[in-house]
Amino acid sequence: MSKFWSDIVHKLTPYVPGEQPKLNNLVKLNTNENPYGPSPKVIEALKAEAAETLRLYPDPNSDALKAAIAHAYHLNPSQVFVGNGSDEVLAHVFQALLKHSKPLLFPDITYSFYPVYCGLYGIDYQTVPLTEDFSININDYNRPNGGIIFPNPNAPTGIPLALAKIEQLLQSNPESVVVVDEAYVDFGTESAVGLINQYPNLLVTHTLSKARSLAGLRVGYAMGSPDLIEALIRVKDSFNSYPIDRFASAGAIAAIQDTEYFEKTCKQVIGTRDALVNDLVKLGFEVLPSGANFIFAKHPAWAGAELTTKLRERSIIVRHFKSPERVSPYLRITIGTDEQSKLLINALSEIL
Ligand SMILES: *Cc1c(COP(=O)(O)O)cnc(C)c1O
């Protein structure tokens, strides 16, 4: 608290990211990073960018990156917006498209950054409870709203929502923007990108942090009708002209273009996930169905906080959410390598 702070600062409740411990030799399964490095072509592109040209500003419009994304998703560059991580893209989305007189709707259990943006921008919102089995029931969104946002698959549950349901939601809310945050879509969930040309109220956001293994580079993007994209550009150009630096642009373009490496590593993560789920079930865990690079699992005989502590004593870090109460028995476990799964299963066998 300080007399120097603006009023709004006193009222903020900032987002708390997963821990980035400074220790080595940890099995780090807490922030959904990719266990494999980025494509070797990304590293080459970054090295080439370490040059005298760094004295110059990057392209404020990121035209080359937008063109690469548009090409990959069969869109027009006017349907693409890019930013410094999808968190920044989402911040602009909240300010540009989701602040209206009617409340914004999102699930009660979801990405915990959403209520933080609402606090920052003074956006009125209502949370919509997930069903008993932690899924989204689109009928619960049939109420007056100034927008709808949810991740698909949802976080931290990992549960995907079928494309047909998303289409129904778009049809029943033609006056609202529906934002589908597809941070984890490449790990086996169907993308809504193919609906963009049909639905001017659909905005899909992606990140290079998870499936493209570039959490350290900070690049995210949104795809939607040129009308929605223009709103984002207006906010961005009132905030930071150069969110994508020269490295981020070069690395992101190389990552988007290396489809082969991307598909291979996503497939590996999915294989490791399916094997880990089998092993956890054998240990008595209940695991929610996941379309992501993480799983949400609980053991009927153990509290989530206790298991998290015991794993930590064995140098394994997973994520635990104390609230809401419904999720407190669960651990959110990022999918690592097969070797990391083995270490986790060994530690859990010992603990149980
Ligand atoms: C990780 C994540 C993001 C943000 O990713 P960036 O690293 O900021 O690109 C956005 N939404 C969800 C649901 C996420 O889990």
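Numbering of ligands and ligand atoms starts at 1, following listing order. Computed from a prediction, not measured in an experiment: that's the story for all the values here.
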Shortest protein contact, [atom] (heavy atom only):
{"atom": "atom 8 (O) of ligand 1", "result": "R218 NH2, 2.8 Å"}
{"atom": "atom 10 (C) of ligand 1", "result": "S86 OG, 3.4 Å"}
{"atom": "atom 15 (O) of ligand 1", "result": "Y184 OH, 2.5 Å"}

- [ ] May I ask whether F113 places a heavy atom under 4.0 Å from ligand 1?
- [x]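 F113: no contact with ligand 1 (<4.0 Å).
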Open item on the list: Any heavy atom of G220 closer to ligand 1 than 4.0 angstrom?
Closed with: no
TODO: With heavy atoms only and a cut-off of under 4.0 Å, state how A183 meets ligand 1: side chain, backbone, both or neither.
DONE: side chain
TODO: Just let me know how D181 lines up against ligand 1, side chain, backbone, both or neither, with a heavy-atom cut-off below 4.0 Å.
DONE: side chain
Open item on the list: Just to verify, which of I335, T334, L331, L288 counts as forming a side chain to side chain contact (heavy atoms under 4.5 Å, CB included) with I295?
Closed with: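 The option that passes is I335.
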- [ ] From the options L65, L208, T205, select the one residue that forms a side chain to side chain contact (heavy atoms under 4.5 Å, CB included) with Y221.
- [x] L208
Plane angle bin for [Y] and [X] - parallel if under 30°, tilted between 30 and 60°, otherwise perpendicular:
{"X": "Y117", "Y": "F94", "result": "tilted"}
{"X": "F150", "Y": "Y141", "result": "tilted"}
{"X": "H10", "Y": "W5", "result": "tilted"}

Open item on the list: As an exercise, state the distance from CD1 of I148 to CD1 of I166, rounded to the nearest 0.5 Å.
Closed with: 11.0 Å
- [ ] Please indicate whether any nitrogen or oxygen in S209 is less than 3.5 Å from any nitrogen or oxygen in ligand 1.
- [x] yes
- [ ] Decide if atom CD of E260 counts as having more than 12 heavy atoms of other residues, nucleotides or ligands within a radius under 6.0 Å.
- [x]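 Count not over threshold, so no.
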For ligand 1, which atoms, with element, lie under 4.0 Å from some heavy atom of [X]?
{"X": "K210", "result": "1 (C), 2 (C), 3 (C), 5 (O), 14 (C), 15 (O)"}
{"X": "G85", "result": "8 (O), 9 (O)"}
{"X": "T207", "result": "5 (O), 6 (P), 7 (O), 9 (O)"}

